[in-house]
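Below, chains carry the letters A, B, ... as their sequence lines are ordered, and counting in each starts from 1.
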Amino acid sequence: LKPLERFIEWVLTTGLLLSALLLVLGLATGSTRALSFGIVALMLTPVSRVIVVTLGLLWKRDWIFGALSLFVLLVLLCGIGVAAGFAVGHSTR
Amino acid sequence: MAVMGLVMIARSRKRNVIADLETDPGLLGGTFSEGDKTYVYRVKRLPVALSSSLLAGALSGLLGVGGGIVKVPVLNSFCGIPMRVAASTSAFMIGVTAAASSFVYFGRGDVILPLTSLVALGSLPASLVGAHLSQRVETRALKMAMAILLLFVAGQMAVRSF
């Protein structure tokens, strides 16, 4: 494996393990907060992978795939932005 | 879906690999290792791959079936991508595309936390086992398993529609 691929593997494995740990903790203690953090960690794992891929490709001056990866990242950030809007709407009701 | 299953059975002995490592894989192709051997593959018919992704997204939203069930057979049968590479590429894509909408569902409060946690915890070890197993199982067996899955899902959807 190349260094970038190895780092992506590490990011994905760490995200999954952290998420699994929080979910197990949440289910064992009945903590809704731990379950929420576990789910958020699970959802953020692919986002962090896209961030790593984007930075890696731009670092390698692979402009075409770097730009495509940046577009995917922007779509994901839009999803997070919409979700944050809903969350703020719920809390102010 | 049933047609794709039959196409996969018919093509189960054909492989999308080039043994000559000097072959240029092109912009989207690459190399991959299987055991102690390394192969080259070239991506063909890119518009078909793009169309299948569009169809996969639409079917996923409309019928609730995973996009991989469309992408993997199309990438393997029509776009010259080896089975293992098609499966891993599909898994890599689904994670990202699903993440975009999952944030919206989560922010809207549509996610049932205990149920989602149980399903996620159940699927995590199984997906790791599947990824390890796919490296050990023969390519033809993987194709046949995919074909059987396609035929099963197609049959199930047909039965439910009546």
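- There is no path of hydrophobic side-chain contacts, each under 4.5 Å, that joins Leu22(A) to Val119(B).
- There is no path of hydrophobic side-chain contacts, each under 4.5 Å, that joins Phe106(B) to Val75(A).
- Tracing side-chain contacts under 4.5 Å through hydrophobic residues (I, L, V, M, F, W, Y), one never reaches Leu18(A) starting from Leu128(B); they form parts of separate clusters.
- In the hydrophobic clustering of this structure, Tyr105(B) groups with Leu118(B); members are Ile, Leu, Val, Met, Phe, Trp, Tyr whose side-chain heavy atoms approach within less than 4.5 Å, directly or through other members.
- Residues of residues 25-47 of chain A lying under 4.5 angstrom from chain B, judged on non-hydrogen atoms, are Leu27(A), Thr32(A), Leu35(A), Ser36(A), Ile39(A), Val40(A), Leu42(A), Met43(A), Leu44(A), Pro46(A), Val47(A) in numerical order.
- Linking ILVMFWY residues whenever their side-chain heavy atoms come closer than 4.5 Å, directly or via other members, leaves Ile148(B) and Val7(B) in distinct clusters.
- Heavy-atom neighbours of Leu133(B) CG from other residues, nucleotides or ligands within 6.0 Å: above the threshold of 12.
- When heavy atoms are compared at a cutoff of 4.5 Å, Phe92(B) approaches chain A by way of both its backbone and its side chain.
- Only the side chain of Leu124(B) has a heavy atom closer than 4.5 Å to any heavy atom of chain A.
- For the atom pair CG of Leu77(A) and CZ of Phe103(B), the computed distance is 9.0 Å after rounding to the nearest 0.5 Å.
- Using a 4.5 Å heavy-atom cut-off against chain B, the contacting residues of residues 59-73 of chain A are Phe65(A), Val72(A).
- Heavy-atom minimum distance, Ala120(B) versus Leu23(A): CB-CD1, 4.0 Å.
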